[in-house]
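To keep things clear, I will list the structure first and then write my remarks on it.
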Amino acid sequence: MAQTTPNHTQTVSGWAALDSSGKVVPYTFKRRENGVNDVTIEIMYCGICHTDLHFAKNDWGISMYPVVPGHEITGIITKVGSNVNKFKLGDRVGVGCLAASCLECDFCKSSHENYCDQIQLTYNGIFWDGSITYGGYSKFLVADHRYVVRIPENLPMDATAPLLCAGITVFSAFKDSNLVDTPGKRVGVVGLGGLGHVAVKFGKAFRHHVTVISTSPSKEKEARERLGADDFIVSTNAQELQAARRTLDFIVDTVSAKHSLGPTLELLKVNGTLAVVCAPDQPMELPAFPLIFGKRSVRGSMTGSTKETQEMLDVCGKHNITCDIELVKTDNINEAWDRLARNDVRYRFVIDIAGKSSNL
């Protein structure tokens, strides 16, 4: 039985992985009372992230069953704590990957709490009261308001949900390389999946020349015509790779399968940057020569802070950026997981938690 505390008195229905079988089942559990710093959110939609599968299957060896996944959450505020003044009843809000941090370290104090070494996740984490956190595959959520963001009125809540993980992950990489407000660069996107398709949208919105780099020639038409990519490189084609050597200023790598970074690095100009936002389950190959002979940098980037996530959503509201999604009912979560494992989605599954298919 998952650890709870005496103030967990609210009964909520959801969907949980009870073991490493990789399946979810209906599950009823308790959430804490709405505290002075909390808001309670009626969940409308929750995106499905590949991380959900990893935790359900205990791929990383850290799962605490039962696991109630979900960290791409959108919904409506139904309760507001007495210390909360930036949200009110009825507000359209979202919750991403973060549930708690220490609030005292330099990272927390500088609005970079996502790098706090005591960070706790929206699910499969340990909250301040010692309870295990449960995520957005459920009817409602109680969240500390410091980890909640407001959704712009012009953005639909279903297609916005994946922005709270996939979106902020690639946005942070762009921002760290000063690409949000500095147009005219040549940007590469490795992989055209959940993260990659949003990266293309950001790149075009920020007025860059965008090249998609993929192992799948069949994705070229969609990359160019649907997403607006300027160029397309088949990464298994030696001639195309050779022709594109030293042409890109920045590349974001979104591919979670094991692969070598060497061919990708060769596409960068001297002093170019490769941002790795993916998490393969095996170490990636990093050859020395493409790195040192091009004075190139490889950097990691993870999900952003609450402040940065709000900035990202405001930018998405300005440019009308959302994710391309396929909406699924709660009865079809396992089917969606099976398809996601086969990369059979364009480009992100979102669960209709409320079952209303509303226009919120």
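The analysis underlying the following values was restricted to heavy atoms, covering all of them including side chains, and did not include hydrogens, waters or symmetry mates. Remember, it's a predicted structure, so these values are computed and weren't measured experimentally.
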Is any side-chain heavy atom of [X] less than 4.5 Å from a side-chain heavy atom of [Y]?
X: Phe140; Y: Ile41; value: no
X: Arg299; Y: Asp176; value: yes
X: Arg226; Y: Asp324; value: yes
X: Leu313; Y: Leu164; value: yes
X: Glu72; Y: Arg348; value: yes
X: Thr273; Y: Leu268; value: no
X: Lys175; Y: Met312; value: no
X: Phe171; Y: Val315; value: yes

Inspect the contact between [Y] and [X] and indicate whether a charged nitrogen and a carboxylate oxygen are less than 4.0 angstrom apart.
X: Lys307; Y: Glu113; answer: no
X: Arg224; Y: Glu220; answer: yes
X: Asp38; Y: Lys79; answer: no
X: Asp331; Y: Lys329; answer: no

Listing request: all ring pair (Phe, Tyr, Trp, His ring centres under 6.0 Å) pairs with a residue in residues 216-271, at least two apart in sequence or in separate chains. Phe174-Phe250

When you measure from the side chain of [X] to the backbone N and O of [Y], does any donor-acceptor pair fall under 3.5 Å?
X: Arg31; Y: Tyr134; answer: yes
X: His197; Y: Gly194; answer: yes
X: Ser63; Y: Phe55; answer: yes
X: Lys139; Y: Ile353; answer: yes
X: Ser177; Y: Leu179; answer: no

Are side-chain N/O atoms of Asn37 and Asn83 paired as donor and acceptor at under 3.5 Å? yes

Any side-chain donor paired with an acceptor under 3.5 Å for Lys30 and Thr9? no

Worked verdict on Lys57 versus Asp59 for salt bridge (charged side-chain N to carboxylate O under 4.0 Å, His left out): CA-CA 5 Å; Lys57 296 179 179 179; Asp59 286 341; 5.7 Å; no

Indicate the atoms forming the closest heavy-atom contact of [X] with [Y], along with that distance.
X: Ala161; Y: Gly47; result: CB-N, 4.0 Å
X: Gly317; Y: Leu155; result: N-CD1, 3.8 Å
X: Cys323; Y: Pro162; result: SG-CB, 3.5 Å
X: Asp129; Y: Arg32; result: OD2-CD, 4.3 Å
X: Val12; Y: Ser138; result: CG2-CB, 4.2 Å
X: Ala17; Y: Tyr65; result: O-CD2, 3.3 Å

Qualifying residue, where the test is side chain to side chain donor-acceptor pair (under 3.5 Å) with Asp249 and the options are Lys269, His208, Lys185: Lys269

Identified side chain to side chain contact (heavy atoms under 4.5 Å, CB included) counterpart of Leu274 within the set Thr264, Val252, Leu248: Thr264

Which residue, Ile43, Ile48, Thr330, forms the side chain to side chain contact (heavy atoms under 4.5 Å, CB included) with Tyr137? Ile48

Which residues share a salt bridge (Lys or Arg N to Asp or Glu O under 4.0 Å) with Arg339, sequence neighbours left out: Glu326, Asp344

Partner residues of Asp338 under the salt bridge (Lys or Arg N to Asp or Glu O under 4.0 Å) criterion, sequence neighbours left out: Lys23

Summary of side-chain hydrogen bond (donor to acceptor under 3.5 Å, both in side chains) pairs that have at least one residue in residues 115-128, sequence neighbours excluded: Asp52-Tyr123

Sorted by chain and number, sequence neighbours left out, side chain to side chain contact (heavy atoms under 4.5 Å, CB included) with Arg150 holds for Phe87, Asp91, Gln310

Quick one: do [X] and [Y] end up in the same hydrophobic cluster if we chain Ile, Leu, Val, Met, Phe, Trp and Tyr together by side-chain heavy atoms under 4.5 Å apart?
X: Leu327; Y: Ile76; value: yes
X: Leu192; Y: Val345; value: no
X: Leu98; Y: Leu103; value: yes

Could you label the plane-to-plane angle of the His54 and His50 rings as parallel, tilted or perpendicular, counting under 30° as parallel and over 60° as perpendicular? tilted

For residues 97-106, which residue pairs pass the salt bridge (charged side-chain N to carboxylate O under 4.0 Å, His left out) check, not counting sequence neighbours? none

